[in-house]
Amino acid sequence: MTNGTDKNYKLNKNTACGVYKTFFERAMSAVFITDGFFNVSEANPAAEKLLGYAPEELCSMKLNEIIHQQDAGLCAPLAGNSFAGESSRCTARLIKKDKTAVTAEICFKKIPGGSFIVSADVSKTNKTDDRPDKNNIIEYTMHATLDALPLWIAYGDISGNYHFANKYYSTTFNLPVENIIGHNFKEIFPPALYKKHKLLYDECIKTCRSVIFEDEAVFENGRIAHAYGLYTPLFTEDKKVYGVSVASFDITAKKKLEFQIQKAFEEIKESEEKYRTLVENSICGIGIKDGDKIIYANKTLMKMFGYDDYKEFSSKKTTDYQTPESQKKVKEWMNKKLNAEEAPDKIEVDIIHKSGKIITVILNSADIKIDGKTYTQSAFVDITERKKLKEALKEWTLRYEYIVEASGQIAYDYDLTSGDVSWGTTPEKLLGYKSKEIDSTIETWAGLLHPQDREKSVKKLNEAEGVMLDDEYRLRHKDGHYVWIRDRGIFLRDESGRALRQIGVLQDISVLKNAEIELISALQQAEAASKAKSAFLANISHEIRTPMNGIIGFTNLLSSSGLNERQKEFNSIIKASCMHLMRLVDDLLDFSDIEAKKLKLENVPFNMQYALISSIEIVSEYYKAKNLELEKFVDERINYLVIGDQLRFKQIVINLLTNAIKYTSKGKIGIKIMQASLKENVSNIIIEVYDTGIGIPREKIGEIFEMFHQLGDSSTSRHGGSGIGLSIVKGLIEIMGGTIKVKSEPEKGSRFIVELPLKIVHNKN
Ligand code: ADP
């Protein structure tokens, strides 16, 4: 310690020999003693002076911190490279405490025990200050430039150990430069990438030529990078490869762009494909023309015109396909569109098919621009068949209209959606209007309706949407009078069932309707007359009954007033005639009540057997007087009471028995009462009254139940009837819900069969 320094330089036992110590302390060069891992254990004053660190600071540092990171690779021992001999020299920058650099020739000398003596001589590098020399300026500038470049730039020795890596490189690998320099790229690259690049690296060294590569790498931080670069061999002065440099572009953005362009291109292609398919398979014929030259036609269009081969089809001009009239029509239409005049969207055009036949199409054209040039795009729909059908339909429609017209009706077609009404071609026949004189609307129809019919008929039409309409109303004729109409129409519906149209016929029913009105009025008059007649009958019967009762009363008085035989006989004739007259009056009253539906029946339980016996009793004197035999039969199942009007029941039986006696001169009469069925407390009773009398001719049977009807032969009038009894019997039976039939044969007899449904009550006796 010559300069009396009190700085305490730690001296290793191994090095603490005086000579070396003096040499160590006085050396002009900076000297460091490090262990095998380049941890500084001692540093001399020249080192302190050169770098500006305190000795204790230096002793806690690593040599890596003192030698510039980017130059560390140049120092073989630091880079882990073996070196020949005992020492290794290199030129490298040292970093001072103030962060400036100084270039020095550095010598590494291995000493026993694995330690190193590292000396740094700045004089050898012609450097007297800490500014870099000319070479270093280039190197600095170069390194700074390389750091600034957005390229991956590095170089390494032939084993693949890095000696330099620029900032872009270290940022990509997410590693500080010092963690790259001195390391092998095997440690840094993802395994698959390393495998590929090791081959490229070796190829570059082996062939002494640049090797180009392009690849994609996924880094630990998830970044995906695309690189395009080249490995270039580095040569020593004697043309030996000592290392490899790599410069690689980051083409990630470019790749991304390329990918997007590719995707967009594919999408365009796909959509173009889609539209192409759509156009090609369209049911419309589609074509594009330039002037009258065809430049595109889909298959449908070619097929429509009769062609398979596009070349053949497009070799003709568009006008060649049109009939002369259509050429003119299309030209005029196009001109109108060109001059922005009013023109229809589409027109009907006649086309000459390849076969020579004429087809009709609907043509619709529009301008399209392709690459700035204007073309005409046209769509064609073949309507030949449709047109034919339409014409056939028109013909049929006319035919039907003639049929309808011939039947004196008019046909109509009412469109429910638009409210339009087509009156056919012959409304004049019915309403006096010519087709063009009458508005084709439902409002017109409603306006022509008779005011008394309007509300009802409009309502009926609206409500009839679901069913067939059948209505009668009056429509005003052109000359002002009203015509009675019968309107019958059916509704046509869409798939959902909604009524769209009503098709029907209107028929003039004025004659029928007027006859009907007259008939109704006649009926009403007849009814009124009948009522008056009934009232008259009722009144007159009552008026006759009163004096009759008086006469009968006096015949009774007279009979006990000591009359002689002849007077008695006269008196009893008077009484019998009066009784007969009374019965007739009673019958008339009954008949009048039945006809006026005024007759009321009783509903009480009675015994039919008793009713029968009492009825027979009433007529017994009569049949006995004629020497007739009487047969009587009652079904034994009838052990119940029936509910009904006993008196009217007896009236029926007596009437039928009286007739049987009346019209039978010899033989027998009979009555049978039977049960035809018994169900749910209703018994169907059959009453048969028969005789062996004069009978009724077959053709007259239908007439005997009519009022005041007597068979016009002398035999019946001989028996003295009034012709009212059977009509009363029939009327009563019908009120009771029953029927009466007759079977008869002249000269053999008659059989009257009555069927009555009667409710029953079980007879407890
Ligand atoms: P009338 O009082 O004339 O008997 P009815 O109305 O009882 O009136 O009968 C109508 C007609 O039916 C009779 O005039 C007679 O010609 C015929 N007629 C009714 N019952 C018999 C019968 N049992 N046999 C033959 N003819 C009969």
Side-chain angles (χ1 to χ4, degrees), residues 150-152 172 190 192-193 196-197 200 211-219 221-230 248-322 330 333-334 337-338 345-347 349 351 353-354 359 361-383:
L151 301 172
W152 292 298
T172 304
L193 193 67
K196 178 183 169 189
H197 280 258
L200 295 166
V211 177
I212 293 172
F213 63 87
E214 184 177 333
D215 52 24
E216 177 190 294
V218 181
F219 296 97
N221 58 4
R223 180 177 170 193
I224 298 175
H226 288 268
Y228 175 80
L230 107 153
S248 174
F249 294 95
D250 182 351
I251 56 163
T252 314
K254 185 180 156 233
K255 276 277 168 194
K256 221 180 235 172
L257 201 68
E258 265 177 21
F259 175 73
Q260 277 166 356
I261 290 170
Q262 176 72 19
K263 207 171 147 209
F265 182 72
E266 273 164 16
E267 274 170 13
I268 289 170
K269 218 172 133 193
E270 195 182 309
S271 92
E272 195 189 288
E273 202 68 39
K274 212 154 57 188
Y275 283 112
R276 183 184 296 278
T277 319
L278 207 67
V279 170
E280 278 300 330
N281 299 318
S282 165
I283 51 161
C284 276
I286 294 171
I288 300 174
K289 62 173 190 163
D290 179 6
D292 56 7
K293 194 173 170 311
I294 298 165
I295 60 163
Y296 169 78
N298 71 352
K299 281 189 198 123
T300 317
L301 181 61
M302 293 201 293
K303 211 170 155 210
M304 197 183 284
F305 284 36
Y307 292 81
D308 288 326
D309 181 30
Y310 175 72
K311 235 182 187 174
E312 187 188 359
F313 181 70
S314 59
S315 65
K316 287 194 187 180
K317 291 189 287 180
T318 52
T319 44
D320 292 344
Y321 290 108
Q322 297 158 1
V330 173
W333 181 58
M334 289 290 204
K337 283 175 37 142
L338 201 69
D345 290 349
K346 40 197 168 197
I347 53 166
V349 178
I351 295 292
H353 190 268
K354 193 180 176 187
I359 60 162
V361 298
I362 292 279
L363 167 66
N364 188 347
S365 290
D367 284 349
I368 53 160
K369 274 207 164 139
I370 303 171
D371 295 335
K373 198 174 165 194
T374 307
Y375 299 89
T376 309
Q377 181 189 297
S378 303
F380 300 78
V381 177
D382 187 348
I383 57 156

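Since the model is a prediction, treat every value here as computed from it, not as a measurement. Below, each value reflects all heavy atoms present in this structure, side chains not excepted, and no hydrogens, waters or symmetry copies.
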With sequence neighbours left out, what residues match [X] under salt bridge (Lys or Arg N to Asp or Glu O under 4.0 Å)?
{"X": "D292", "result": "none"}
{"X": "E272", "result": "R276"}
{"X": "K255", "result": "E214, E258"}
{"X": "D320", "result": "none"}

Sequence-distant partners of [X], side chain to side chain donor-acceptor pair (under 3.5 Å), two or more places apart:
{"X": "K299", "result": "none"}
{"X": "S365", "result": "S378"}
{"X": "T318", "result": "none"}
{"X": "Y296", "result": "E280"}

Practice task
Please answer whether the main-chain N or O of K369 pairs with a side-chain N or O of T374 as donor and acceptor at a distance below 3.5 Å.
Solution key: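 Not a single qualifying donor-acceptor pair exists.
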
Within a strict 4.5 Å, meaning less than it, do heavy atoms of the [X] and [Y] side chains meet?
{"X": "T319", "Y": "Q322", "value": "yes"}
{"X": "K346", "Y": "V381", "value": "no"}
{"X": "L301", "Y": "I286", "value": "no"}

Handout entry: Sequence neighbours excluded - salt bridge (charged side-chain N to carboxylate O under 4.0 Å, His left out) pairs with any residue from residues 302-314
Key =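 For residues 302-314: E312-K354.
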
Exercise for the section: Only one of I368, T376, I294 passes side-chain contact (heavy atoms from CB on, under 4.5 Å) with I288; say which it is. Expected result: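 Single side-chain contact (heavy atoms from CB on, under 4.5 Å) partner of I288 among I368, T376, I294: I368.
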
For [X], enumerate each residue passing the ring pair (Phe, Tyr, Trp, His ring centres under 6.0 Å) test, keeping only those at least two apart in sequence or located in another chain.
{"X": "Y321", "answer": "F305, Y307, F313"}
{"X": "H197", "answer": "F189, F213, Y231"}
{"X": "Y375", "answer": "none"}

Practice task
Apply side-chain contact (heavy atoms from CB on, under 4.5 Å) to the pair K289 and I295, showing each step before the final yes or no.
Solution key: CA-CA 5 Å; K289 62 173 190 163; I295 60 163; 5.7 Å; no

Which value, rounded to the nearest 0.5 Å, describes the distance between [X] atom [atom1] and [Y] atom [atom2]?
{"X": "S315", "Y": "K293", "atom1": "OG", "atom2": "NZ", "value": "10.0 Å"}
{"X": "T300", "Y": "N281", "atom1": "OG1", "atom2": "CG", "value": "7.0 Å"}
{"X": "Y228", "Y": "I251", "atom1": "OH", "atom2": "CD1", "value": "8.5 Å"}

Problem - More than 12 heavy atoms of other groups within 6.0 Å of K256 NZ - result: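 Not more than 12 within 6.0 Å, no.
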
Problem - Heavy-atom neighbours of F259 CZ exceed 12 at 6.0 Å - result: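 Incorrect, the count does not exceed 12.
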
